[in-house]
Amino acid sequence: MSLASADVRFWLQAALYAALALAAWRWGGGPERILAGVLVWFKVADSANHALFGDWSDLSTIDTGHVVIDAVALAVALGTAIRANRIYPLWFAAFQVVAMSAHLARELVEGISPLAYVVMYVGPSYCQIIVLALGIWWHRRRVARYGPYRSWRSFSPPSPARARGTWPNA
C-alpha cells in the first residue's frame, strides 16, 4: 500500500468515525455513545501509538501498543454489551474478541500468516463500524415508533411469590 493511499484511508476512517460519533451523540443513547467512543479511541490511541513508537511493520511479531489499544476497547465493549438494553453491542464486543484473539494467535502460533494476522485484528473494526451504524439507526427507529426506552438493563425485581414469602426456600 502506498503512502498516499494509507493517508487517504486514515482520513476516510477518521471522518467516518467522527460522523458516527456525532450521530451517536445526536440520536443515540448511552450504549451508542460509548461504542462510538471506542471507535474514536481506536483512531486517537493508534495515532498516539505510532507517534510515540513509530510505524510498526514487522508482522511476524505482535505490536504491544495495538494489544493495549484492543484490550482497552474489549473491556469497554464487553462492559457495555453486558449492561446495554440492546442486542447489537454483543456483536460489537464479539468482533473485538476476534481482534484480541488475533494477537493471542500471533503470539502462540509461530507459523501464522502475517496477512491472516492483519486481517484478524484490523478486519473486525470495519464490521464494528457497520454494527454501530445499524445500532444507531435501529435505536432511532425504535424511539420514533415507541418513544424513549431504557438504555441500560436493570436487575429484575423479585418475583411476586418470592416477595410474598410463599416461594419455596424464600
Side-chain angles (χ1 to χ4, degrees), residues 5-49 65-105 116-168 170:
S5 64
D7 285 343
V8 169
R9 185 180 60 84
F10 174 86
W11 289 111
L12 283 175
Q13 278 183 328
L16 187 57
Y17 288 176
L20 276 173
L22 290 172
W25 191 259
R26 172 70 176 97
W27 296 296
E32 290 78 22
R33 292 173 183 167
I34 291 172
L35 295 179
V38 169
L39 292 181
V40 171
W41 160 255
F42 284 148
K43 194 52 71 183
V44 170
D46 186 57
S47 295
N49 179 46
H66 286 135
V67 172
V68 170
I69 292 166
D70 283 338
V72 169
L74 178 61
V76 173
L78 280 176
T80 303
I82 289 168
R83 295 286 307 178
N85 189 28
R86 294 140 172 67
I87 298 298
Y88 84 88
L90 294 169
W91 284 93
F92 189 98
F95 283 118
Q96 193 58 36
V97 168
V98 171
M100 280 302 296
S101 299
H103 298 302
L104 183 62
Y117 174 49
V118 169
V119 168
M120 280 180 63
Y121 92 81
V122 173
S125 67
Y126 292 102
C127 297
Q128 288 171 320
I129 291 168
I130 294 167
V131 166
L132 180 57
L134 288 172
I136 293 168
W137 181 65
W138 289 327
H139 169 72
R140 185 67 191 139
R141 192 175 73 172
R142 182 175 172 183
V143 168
R145 282 187 182 171
Y146 305 111
Y149 64 103
R150 288 186 325 227
S151 291
W152 306 104
R153 296 178 195 269
S154 60
F155 293 102
S156 303
S159 68
R162 185 174 295 271
R164 287 191 309 269
T166 58
W167 187 265

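Throughout, numbering of the chain's residues begins at 1 and tracks the sequence.
The closest donor-acceptor contact from the side chain of R83 to the backbone of W152 lies at 3.5 Å or more, if one exists at all. For the pair Q96 (side chain) and A77 (backbone), a donor-acceptor distance under 3.5 Å is absent.
To the nearest 0.5 Å, atoms CH2 (W27) and CG (L22) are separated by 9.0 Å. Remark: L104 CG to M120 CE distance equals 9.0 Å, nearest 0.5 Å. With rounding to the nearest 0.5 Å, the separation of CZ in R33 from CD1 in I136 is 10.0 Å. Between atom CG of residue L132 and atom CG of residue L16 there is a gap of 9.5 Å, rounded to the nearest 0.5 Å. Between the CG atom in D70 and the CG atom in D46 there is a gap of 9.5 Å [rounded to 0.5 Å]. Rounding to the nearest 0.5 angstrom, the gap separating the CG atom in L78 from the CE atom in M100 is 10.5 Å.
In this structure, R141 satisfies the cation-pi test against W137, with its NZ or CZ atom closer than 6.0 Å to the six-membered ring centre and inside 45 degrees of the ring normal.
With a 4.5 Å cut-off on side-chain heavy atoms, F92 and L39 count as touching. Here the side chains of P89 and E32 are not in contact, with every heavy-atom distance at 4.5 Å or above. Side-chain contact between W138 and R142 is absent, with no heavy atoms from C-beta onward closer than 4.5 Å. No side-chain heavy atom of V76 sits less than 4.5 Å from a side-chain heavy atom of W41. Counting heavy atoms from C-beta on, the side chains of P124 and V98 come closer than 4.5 Å. Counting heavy atoms from C-beta outward, Q128 and F42 have side chains that approach closer than 4.5 Å. Two residues are said to be in side-chain contact when any heavy atoms from C-beta on lie closer than 4.5 Å; F10 and K43 meet this criterion. At a threshold of 4.5 Å between non-hydrogen side-chain atoms, the residues V143 and R140 count as touching.
Annotation for A84 and R153: closest pair O-NE, 2.8 Å, computed over non-hydrogen atoms. Closest of all the heavy-atom pairs between A36 and A24 is CB-CB, 3.7 Å.
Donor-acceptor pairing under 3.5 Å is lacking for the side chains of Y88 and H139.
The aromatic rings of H103 and Y121 lie tilted to each other, with the angle between the two planes from 30° to 60°.
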